Every structure is written in C-alpha cells, then in structure tokens.
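Here the structure comes first, spelled out in structure tokens, and everything after it is commentary.
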Amino acid sequence: MARQKRVAEAAPASDMVAGGTLASTVYQRLRREIVTTGLKPGAKLRIEALSERYNVGASPVREALNRLSAEGLVDHEDQKGFRIAPVSLADLLELNRTRCWINEVALRESIGRGDQEWEESVLIAYHRLSKVPGRLPDESGEINPEWERLHLAFHRSLIAACGSKWMLRFAEVLSDCADRYRHLSAAARVERDVPAEHEAIMEAVIRRRTQMAISLLNEHMTRTSDNVQKLLQEFDNAGGRKPAAGRSRAAPRRAKAIGAG
C-alpha cells in the first residue's frame with residue numbers, strides 16, 4: 001500500500017485514471033513517454049528496469065506493457081520481450097491511409113447524425129483550442145501539453161456523433177499511434193498555419209459541407225504525415241548517419257534498452 005501511495009503521488013493528475021489502480025497509473029505514464037518519444041522508437045523495454053523507474057512491482061508493469069502491445073505502441077515477441085514499436089516510412093504511410101479511411105466514414109456519419117448539441121460541442125472544443133499556443137514559450141519549442149490535450153478533444157468532437165463506439169475506439173487507437181509521428185513532425189519546424197486548418201475544418205463541419213470537411217480533415221493529417229516522411233527519408237538517405245545539412249532532432253536514434261546503461 002505504501003508503494004502504491006508513493007507512485008500515485010508521483011504521477012501527474014492527468015496520468016491518473018478512474019479507480020487509480022497501480023497498473024493503470026503505470027500504463028498512463030509509460031504510454032505518455034512513448035507517445036511523446038521521450039522513450040525512443042525501437043528501444044527495448046526491460047520489466048525490471050521499468051519497475052525501478054516507476055517504483056512498482058513487475059506485475060503492473062507487465063500488465064501495462066500488454067495493454068500497450070494490444071494498442072500497437074509496443075511490440076512483443078516470445079523469448080525476446082517487449083520493445084517500443086519502431087517508426088518507419090511504410091508504417092507512417094499505412095497509418096495515415098487508414099486514418100483517412102476512418103475519417104471518411106466517421107465524419108460523414110457524425111455530420112449526418114449530429115444535432116445542435118453536437119455542433120455546440122465542436123464549436124466549444126475549437127474555441128478552447130484556438131486560445132492556447134501550440135508550443136511552450138521556452139527555448140525548447142516543445143509541443144504544449146495543454147494544447148495537445150485540447151487538440152485531441154477537438155478531433156474527438158468532430159466524430160463524436162458518428163453513432164459507433166467501435167469506430168470511436170479504433171479512431172482513438174490510430175490517433176495514439178499517430179501522436180508519435182506528430183511529435184516528430186513538430187521538430188521539423190515546417191511553415192504551416194495549423195490554427196487556420198482547424199478553423200477551416202470546424203466551419204465546414206458546422207455548415208454540414210460533408211465532402212469538404214472530409215477533404216480538409218484528411219489534408220490536415222496528411223500534411224503532418226508528409227513532414228515526417230521528409231525527415232525519415234533524410235535519415236534513410238544518410239544511411240542512418242547525420243545528414244550533411246545537420247541532423248534533425250526528429251531523426252530516429254539508435255535504440256537503447258531502457259535501463260541498460
């Protein structure tokens with residue numbers, strides 16, 4: 001009980017889930033580190049090292065890893081253990097293509113089914129997002145966690161009225177997997193007016209211009225995919241070494257086992 005209390009106190013409030021179980025807390029914290037690329041793609045995840053990292057026993061760590069494996073963020077092979085799912089051009093393109101397919105169905109249904117209350121929820125989500133800067137004000141230029149939370153809420157609101165809990169769950173899993181690539185894209189510093197993209201999507205949705213809304217949403221996601229694709233190609237063309245123009249912070253690094261020293 002004392003150990004569980006220490007972990008609960010160490011975890012940010014946003015990392016806690018209903019019931020506050022130890023495994024769920026570990027899952028949320030580990031998932032956050034993977035999605036934000038704090039833990040690098042391809043890195044080996046040792047249960048013993050993670051237990052020490054989060055000050056918990058092996059069972060909650062193993063349960064968290066199994067959940068992340070089911071979501072596609074962690075790979076698991078018999079006799080080889082767990083490893084953070086790698087990033088690649090092939091995976092990026094397939095992921096983006098699948099998200100576009102889901103968008104077309106979910107957004108079309110949501111616009112067709114959505115009532116006035118749904119419209120208001122989209123407007124509120126957009127308004128809240130538009131008031132928060134996308135990057136932290138310090139020199140790091142990292143994505144603002146509050147913006148990230150509101151950005152997810154806005155995208156959720158768009159398809160919330162689709163009428164399918166399975167569609168929403170699948171869209172959530174794809175969004176989690178895409179978040180890693182979005183964090184890589186943020187490091188590219190490509191000129192892009194993201195607030196204007198969100199506004200255009202919102203207006204098309206509210207005006208029930210279904211095909212335009214679908215096209216704008218898919219273009220919005222594809223732009224992110226294109227930015228990451230350029231970075232990955234740059235890294236591949238350099239043979240996994242530092243490119244001549246200087247290595248981007250987003251370029252994948254050689255995977256290192258967590259806790260391996």
Side-chain angles (χ1 to χ4, degrees), residues 31 35 67-68 70-73 85 87-132 134 143 146-186 188 190-230:
R31 176 185 171 281
V35 167
R67 288 179 64 182
L68 291 165
E71 294 175 3
L73 291 173
V87 295
S88 68
L89 285 175
D91 180 63
L92 170 65
L93 295 175
E94 182 181 356
L95 176 60
N96 187 68
R97 186 168 62 250
T98 305
R99 294 186 77 198
C100 288
W101 290 339
I102 293 297
N103 285 341
E104 181 156 2
V105 176
L107 190 55
R108 188 184 303 280
E109 288 296 310
S110 198
I111 292 174
R113 291 168 169 266
D115 55 15
Q116 184 175 347
E117 184 178 351
W118 167 72
E119 284 188 14
E120 291 172 355
S121 71
V122 172
L123 283 169
I124 291 171
Y126 166 74
H127 177 73
R128 289 173 176 168
L129 175 61
S130 67
K131 298 299 181 182
V132 177
I143 295 177
E146 179 62 9
W147 180 91
E148 198 168 23
R149 182 182 70 81
L150 295 173
H151 180 253
L152 177 60
F154 171 66
H155 279 275
R156 281 175 174 167
S157 74
L158 298 175
I159 62 173
C162 72
S164 170
K165 66 180 182 180
W166 294 107
M167 185 77 72
L168 293 174
R169 287 180 186 177
F170 191 35
E172 191 87 357
V173 169
L174 294 174
S175 176
D176 288 344
C177 293
D179 269 352
R180 294 196 304 157
Y181 287 103
R182 186 162 53 77
H183 276 268
L184 293 178
S185 174
V190 176
E191 276 300 319
R192 182 179 172 189
D193 193 346
V194 175
E197 293 176 24
H198 289 149
E199 182 178 9
I201 293 168
M202 179 274 295
E203 289 183 350
V205 167
I206 295 303
R207 294 177 182 178
R208 311 281 177 154
R209 296 182 176 176
T210 304
Q211 196 54 51
M212 178 182 291
I214 292 171
S215 296
L216 288 171
L217 182 57
N218 284 342
E219 288 172 7
H220 174 67
M221 293 182 175
T222 299
R223 286 191 185 101
T224 298
S225 175
D226 289 345
N227 290 342
V228 181
Q229 183 175 349
K230 292 175 183 177

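All values derive from a computational prediction rather than experimental measurement.
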Ser157 (side chain) donor-acceptor with Phe154 (main chain) under 3.5 angstrom: yes

Arg31 side chain to Leu68 backbone, donor-acceptor under 3.5 Å: no

Looking only at heavy atoms, which two atoms of Glu71 and Cys177 are closest? And how far apart? O-SG, 3.4 Å

Heavy-atom distance under 4.5 Å between the side chains of Ile143 and His151, does that happen here? no

Where do Glu119 and Ile206 come nearest, in terms of heavy atoms and distance? O-CD1, 3.6 Å

Is the backbone N or O of Glu94 less than 3.5 Å from a side-chain atom of Thr98, with the two atoms forming a donor-acceptor pair by type? yes

Can you establish whether the number of heavy atoms outside Arg208 located under 6.0 Å from its atom CZ is more than 12? yes

Between atom CD1 of Ile159 and atom OG of Ser164, what is the distance when rounded to the nearest 0.5 Å? 9.5 Å

Taking the side chain as C-beta and beyond, is there a heavy-atom pair between Trp147 and Val194 under 4.5 Å? yes

Where do Ser110 and Ala161 come nearest, in terms of heavy atoms and distance? OG-N, 3.0 Å

Give me the atom names and distance for the closest heavy-atom approach of Ala153 to Ala125. O-CB, 4.2 Å

Reported CG-to-NZ distance for the pair Leu150 and Lys131, which is rounded to 0.5 angstrom: 12.5 Å

Atom CD of Glu197 and atom CG of Leu217: how far apart are they, to the nearest 0.5 Å? 10.5 Å

Can you tell me which residue among Thr222, Asn218, Asp226 is in a side chain to side chain donor-acceptor pair (under 3.5 Å) with Asn96? Thr222

When you check the gap from the basic side-chain N to the acidic O, do Glu172 and Arg156 get nearer than 4.0 Å? yes

Gap separating the CG atom of Leu129 from the NE2 atom of His155, nearest 0.5 angstrom: 7.5 Å

Contact summary for Asp179 and Arg182, nearest pair of heavy atoms: OD1-NH2, 2.7 Å

Least distance between heavy atoms, Leu158 atom then Leu107 atom: O-CD1, 3.5 Å

Indicate yes or no for a side-chain donor-acceptor contact from Arg180 to the backbone of Ala85 under 3.5 Å, with no hydrogens or angles considered. yes

Look only at the side chain of Thr210 and the backbone of Arg108, and say whether a donor-acceptor pair between them is shorter than 3.5 Å. no

Point-to-point distance, once rounded to the nearest 0.5 Å, from CG of Leu95 to OH of Tyr181: 7.0 Å

How about CZ on Arg128, more than 12 heavy atoms from neighbouring residues, nucleotides or ligands closer than 6.0 Å, or not? no

What distance do Met221 atom CE and Cys100 atom SG have between them, rounded to the nearest 0.5 Å? 7.5 Å

Just to verify, which of Glu219, Met212, His220 counts as forming a side chain to side chain contact (heavy atoms under 4.5 Å, CB included) with Ile201? His220

